[in-house]
Amino acid sequence: MKTLLSKQAIYCFILIFFTVSVNAQRPKVGLVLSGGGAKGVSHIGILQAIDSAGLKIDYITGTSMGSIMGSLYAIGNSGKEIEEISNNLDWDAMLSNKPLYSDISIDEKDEFDQYSAEIGLKKFKPQLGSGLIESEELWLKLNELYFPVYNIKDFSKFNIPFKCISTDLATGKAIVMDKGEVITAIRSSMAIPTVFSAVDYQGTKLVDGGIIRNFPVTDIKAMGADIVIGVNLFKGLPDISKLNDVMDVFYQITQYRDAEDLVKQKKLCDLIIEPPVDQYSAGSFDAVDSIMLIGKAMGKLYYPYFRHLSDSLNALYPIDYNPHNRKPKKESIVIDDILFEGIEKTSKDLLVDKIQIKKGQTYTATQLNEGFRKAFSSRYYDKIYYRLEPTTEGHAILTCVIKETLLTQAKVAYSYHSYTGSALFANITVRNLLLDKSRTMAKVALGEYYKVWLQHRQSFGRKGSTYATLNYLSQNLPLFQYDGSEKTSQYAMNLNQFDFNLMQVYRKDWSTTAGISKQFINFSPEVVDEEQFIGNMDNYHAYLRADGNTTNDLHFPSAGYLFSSELGVTFDRNAELTGYKSDGTILDTSEMVNGKPEFFRFNLNYIKYNPFATKSSFFYKVNLAMNFKPQEILFDKYYMGGIQQIFAKQQNFVGLFDAQINTNAMVGAMIGVQYNFYGYLFLLARVNSAFYIPKVAEVSSAKDKLSDMGLINGFSIGLGYDLGVLPMEFNAMYSPEIDAFYTHVKIGYIF
């Protein structure tokens, strides 16, 4: 390889001499960066070597990932800065259609990421988009990265003149993008057909330029490059046995024409660098660190050539060139006006409520993106990003570019849980059915047990952050009683509940709710204990609740916290009860419920997740639950046990089966560790302890009741798999006080 580089250095001198003799001016150096998906991260190491050599690049062209790396360099980022950008990117979020869980407002978290599949309906017919990935986060990240050049619409005016290649989906011809919105150009250049959605452009749709010209050398020659350095990641069509994933297959299909063009393009290069990244696929974004190292190794290998070329050019034509600090310094702009493109069925008021951007105010790119992420997380939009049209220095018009979500969405999910068994969920959600800024939903779970939930939620107020919600819930679930590990009785419970509440959302992570519900409960024993009751009850329940959620994932969070606290009062209870013993003796129930005063309940749950090492997190939880002046009815108590929340009064406790202990008061704490040891596999370990009061009619004096308190401990170790459409968790649990091992399985989702 040293011999090869020596020959290239000699060739470099000859080339420069010939070019200077013919043109009598400093030769122009062009850099061509090919597409290659994740493999394109290797371009960064080449750029860093070029910077280290002090070699001035005069023109850049690129396709797909090469267009991203090339344009970032062209607008003024150094190779080192581009590496920092790459290291800070969340590739999973960039290649997803969904908003980040942490960006979802708390009023939408109850239904976000709860289904295996969601599809829009138009006149009750399923609608499919032009691609699998719209990638909202990619649009917004590009807005942020190219914010310093928002006012440059001619790419030849960048610090380094730049062009990229897209393909016209209508004609199959290459489109050379050199003017207009650089974000649109970059996004269209990497729009792999049927993977990324096509990009609308001047009455047509654009897709990945790699279909036609993945290695655009002819274009850089047309720009005036005398010396061409090409970094090529596509070495022709690979053997069919090397197609490892869906992105490889799509690249194979789309590059039949480009494979022929590649031969011609390579002949026009003066130096071709081909990083050895064949073992990676276009979709290997989980291996970008390894790919980066390969690029750096290639950069070091070719550094002598870059240095010889730089020194030779500077010896003949000295210039003052610094590869760093080339990017324009623009940190904020004033928004003069706000325009809208694509609004048809939703309202401008709704969007303005969400983005919270006002005319005449100054904003950074981060602040603009935060507003648009809030809007996207409202679930009203499939895509929403912005263009900035410069007016005067430091001022711009903000154009909101919108693709609305179909207002009717059908959703399905599967669930298996150790307590409730198997169930299939179905959901129909309609937005703006009755009024603007509303969500109407019907959800049903069908399985061994059923659950039906009907809801209408209406947003109002100046910021659209106040919600009035009307709910109807109907479900049947079993309720067990235990003596230690032995199940002594089982009730069949049917609940029907009407609920109305007002919720105020603060920012996006916190809410307070005030509400009142009317509850109807029917119950009957299925397994007879010494004393059993059959009948029905109804009552009112008024409550105040506070909720907070900053976690970064629904199923396996590694950062953030969950908080929930509620103070409620149950009153105006009426009951028809029949009680009897196992020997047939009738129990007197006349004074048990009717005529009793109201009783109060309070509960608090807080769990905090803290990342502490690569792919590891530590979490802890505290919880408290108390009934004041209870009526000693089984259905009023808190139910201890289980890992996921199945019903309202449940207090999760590992080591116990769901609802294994019922109590009027408990206080507990848990610590745990989560380790993402491979891919999407997680190892989970939990330990918890709690004090609880098994039997007490009133919790009025803690001193008097300390002797009644019991201590319970529990442990669990489990395996989780975040399969996306079907998350799973398998646990083994043990409690020394119960002296029994339990298995706990959750597959899919919880309703």
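Values below: every heavy atom of this structure, side chains too, minus hydrogens, waters and symmetry copies. Everything quoted here is computed from the prediction, not taken from an experiment.
- Results of the salt bridge (charged side-chain N to carboxylate O under 4.0 Å, His left out) test with Arg379 over Glu108, Glu136, Glu118, Glu111 single out Glu118 as the only residue that passes.
- Between Thr440 and His456, the side chains place a donor N or O and an acceptor N or O closer than 3.5 Å (distance only, hydrogens not considered).
- Taking a cutoff of 4.0 Å between a charged side-chain nitrogen and a carboxylate oxygen, Lys629 and Glu598 do not qualify as a salt bridge.
- A donor and an acceptor atom, one from each side chain of Ser422 and Tyr414, are located under 3.5 Å apart.
- Asn496 and Ser474 form a side-chain donor-acceptor contact under 3.5 Å, judged by distance and modelled atom types alone.
- Ring-centre distance between Tyr419 and Phe480: below the 6.0 Å cut-off.
- Side chains of Tyr639 and Gln660: no donor on one and acceptor on the other come within 3.5 Å.
- Each salt bridge (Lys or Arg N to Asp or Glu O under 4.0 Å) pair with one or both residues in residues 674-687, not counting sequence neighbours, appears once here: Arg686-Glu729.
- Rounded to the nearest 0.5 Å, atoms OG (Ser418) and CG (Asn731) are 9.0 Å apart.
- With hydrogens and angles left out, the side-chain atoms of Asp499 and Asn501 include a donor and acceptor closer than 3.5 Å.
- When only modelled atom types and interatomic distance are considered, Thr429 and Asn427 share a side-chain donor-acceptor pair under 3.5 Å.
- Electrostatic pairing of Asp107 and Lys508 does not count as a salt bridge here, judged by no charged N lying under 4.0 Å from a carboxylate O.
- The cationic group of Lys615 does not satisfy the cation-pi geometry with Tyr675, failing either the under 6.0 Å distance to the six-membered ring centre or the 45° limit from the ring axis.
- No hydrogens or angles considered: a donor-acceptor pair under 3.5 Å links the side chains of Gln519 and Gln497.
- A side-chain N or O of Asp547 and one of Ser564 form a donor-acceptor pair less than 3.5 Å apart.
- Defined by atom type and a distance below 3.5 Å, a donor-acceptor pair is present between the side-chain atoms of Asn471 and Trp453.
- In summary, the side chains of Gln458 and Arg439 do not present any donor paired with an acceptor at a separation below 3.5 Å, with no hydrogens or angles considered.
- Between the side chain of Arg601 and the main chain of Asp636, a donor-acceptor pair closer than 3.5 Å is present.
- Checked by atom type, the side-chain pair Lys621/Asn623 shows no donor-acceptor distance below 3.5 Å.
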Stepwise, does the salt bridge (Lys or Arg N to Asp or Glu O under 4.0 Å) test hold for Lys518 with Asp538?
CA-CA 7 Å; Lys518 177 69 172 179; Asp538 67 85; 3.0 Å; yes
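- No hydrogens or angles considered: a donor-acceptor pair under 3.5 Å links the side chains of Tyr734 and Asp739.
- Asn552 and Ser558 share a donor-acceptor pair across their side chains, judged by distance under 3.5 Å alone.
- Using modelled atom types, one finds no donor on one side chain facing an acceptor on the other under 3.5 Å when comparing Gln504 with Thr512.
- Under the 3.5 Å distance criterion, with hydrogens and angles disregarded, no donor-acceptor pair is assigned to the side chains of Asn494 and Asn522.
- With 3.5 Å as the limit, one finds no donor-acceptor pair spanning the side chains of Asn652 and Gln644.
- A salt bridge does not link Lys354 with Asp349: none of the charged nitrogens is closer than 4.0 Å to a carboxylate oxygen.
- Using modelled atom types and a 3.5 Å distance limit, the side chains of Ser347 and Asp436 yield a donor-acceptor pair.
- The aromatic rings of Phe619 and Tyr609 lie tilted to each other, with the angle between the two planes from 30° to 60°.
- Taking the ring centre of Phe751 as origin, the terminal cationic atom of Lys443 falls inside the region bounded by 6.0 Å and 45° from the ring axis.
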